[in-house]
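Remember, it's 1-based here, ligands and their atoms both numbered in the order they're listed. Just so we're clear, the structure is a prediction, and the values are computed from it rather than from any experiment.
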Amino acid sequence: MSSGWNGNKKRGIGFKYAWRGILTVTKTERNMKYHLIIATIVLVCSMIMQISRVEWAIVLLVIGLVLTMEMINTSLEKAMDHLSPDIHPTVGMVKDIAAGAVLIAALLSVIIGLMIFIPKLVAFF
Ligand SMILES: Nc1ncnc2c1ncn2[C@@H]1O[C@H](COP(=O)(O)OP(=O)(O)OP(=O)(O)O)[C@@H](O)[C@H]1O
């Protein structure tokens, strides 16, 4: 039986739901908006400074990592709020760990960004 959401998924329409998830996080999460604004600035700088192919790969990987972490963090927050709306230490711990994962990815992206762009800025001035 291939009807309902499961049937649609089997026919390859799962992509539609994935896109809906991306749009939901972008519209509802302030942090995701900040990540996207910073990612856009980094992409524009990368084009202006004509970074190498390898540097492009690293920049895209790091941007993808941060956006992915933010989406997983949001997903966990929503799941925890739904499953356990009350205050609970375990819920707090799960949310803290997920937020920590985003922080690690964001700090890593700042370090890599500095490693790629500072030498180019120094050479420019
Ligand atoms: N139900 C809960 N029980 C215990 N602690 C909680 C609970 N909900 C939130 N917290 C604590 O508050 C922090 C912030 O949680 P919240 O759900 O408000 O995330 P947020 O600040 O909206 O995160 P983001 O900015 O990524 O959306 C958590 O990391 C956790 O320490």
Checklist entry - Looking at atom 12 (O) of ligand 1, would you say a protein heavy atom lies below 4.0 Å from it? => result no
Next on the checklist: Which option wins on minimum heavy-atom distance to atom 30 (C) of ligand 1: D96, T28, V102?
Outcome noted: D96
Checklist entry - Among all protein non-hydrogen atoms, which one is nearest to atom 25 (O) of ligand 1, and what is the separation to 0.1 Å? => result N31 ND2, 3.3 Å
Checklist entry - Got the closest protein heavy atom to atom 2 (C) of ligand 1, with its distance? => result V91 CG1, 3.6 Å
Next on the checklist: Does any N or O of ligand 1 fall below 3.5 Å from an N or O anywhere on S84, backbone included?
Outcome noted: no
Checklist entry - Which value, rounded to the nearest 0.5 Å, describes the distance between I72 atom CD1 and L67 atom CG? => result 11.5 Å
Item to check | Flag: protein heavy atom within less than 4.0 Å of atom 19 (O) of ligand 1 | outcome: yes
Checklist entry - Picking from L108, L114, V110, what satisfies side-chain contact (heavy atoms from CB on, under 4.5 Å) with I112? => result L108
Item to check | V44, I116, L121 screened by side-chain contact (heavy atoms from CB on, under 4.5 Å) with M49, the one that passes | outcome: L121
Checklist outcome for this item: Closest non-hydrogen atoms of A99 and N73, given as atom of the first, atom of the second and distance, are N-OD1, 3.6 Å
Checklist entry - Side chain or backbone of E77 under 4.0 Å from ligand 1, or both, or neither, by non-hydrogen atoms? => result side chain
Next on the checklist: Determine whether any protein heavy atom is located less than 4.0 Å from atom 8 (N) of ligand 1.
Outcome noted: yes
Item to check | Heavy-atom pair of closest approach, residues K78 and E29 | outcome: NZ-OE2, 3.5 Å
Next on the checklist: Any nitrogen or oxygen of D81 lying under 3.5 Å from a nitrogen or oxygen in ligand 1? Just yes or no.
Outcome noted: no
Next on the checklist: Could you tell me, atom by atom, which parts of ligand 1 come under 4.0 Å of a heavy atom of N73?
Outcome noted: 26 (O)
Item to check | Protein non-hydrogen atom found under 4.0 Å from atom 4 (C) of ligand 1 | outcome: yes
Next on the checklist: Quick check: do W56 and M47 have side-chain heavy atoms less than 4.5 Å from each other?
Outcome noted: yes
Checklist entry - Can any side-chain N or O of S84 pair as donor or acceptor with the backbone N or O of M80 at less than 3.5 Å? => result no
Checklist entry - What atoms of ligand 1 come closer than 4.0 angstrom to any heavy atom of G92? => result 3 (N), 4 (C), 5 (N), 6 (C), 30 (C), 31 (O)
Checklist entry - Where is the tightest heavy-atom contact between E55 and S52, given as atom of each residue plus distance? => result OE1-N, 2.8 Å
Checklist entry - With atoms numbered from 1 as shown, which atoms in ligand 1 lie under 4.0 angstrom from a non-hydrogen atom of E29? => result 27 (O)
Checklist entry - D86: heavy atom below 4.0 Å from ligand 1, yes or no? => result yes
Item to check | Side-chain touch N31/T74, heavy atoms, less than 4.5 angstrom | outcome: no
Checklist outcome for this item: Atoms of ligand 1 under 4.0 Å from any heavy atom of K95, numbered from 1 in the order shown, are 8 (N), 9 (C), 15 (O), 17 (O), 28 (C), 29 (O)
Checklist entry - Can you check whether L36's main-chain N or O pairs, donor with acceptor, with T40's side chain at less than 3.5 Å? => result yes
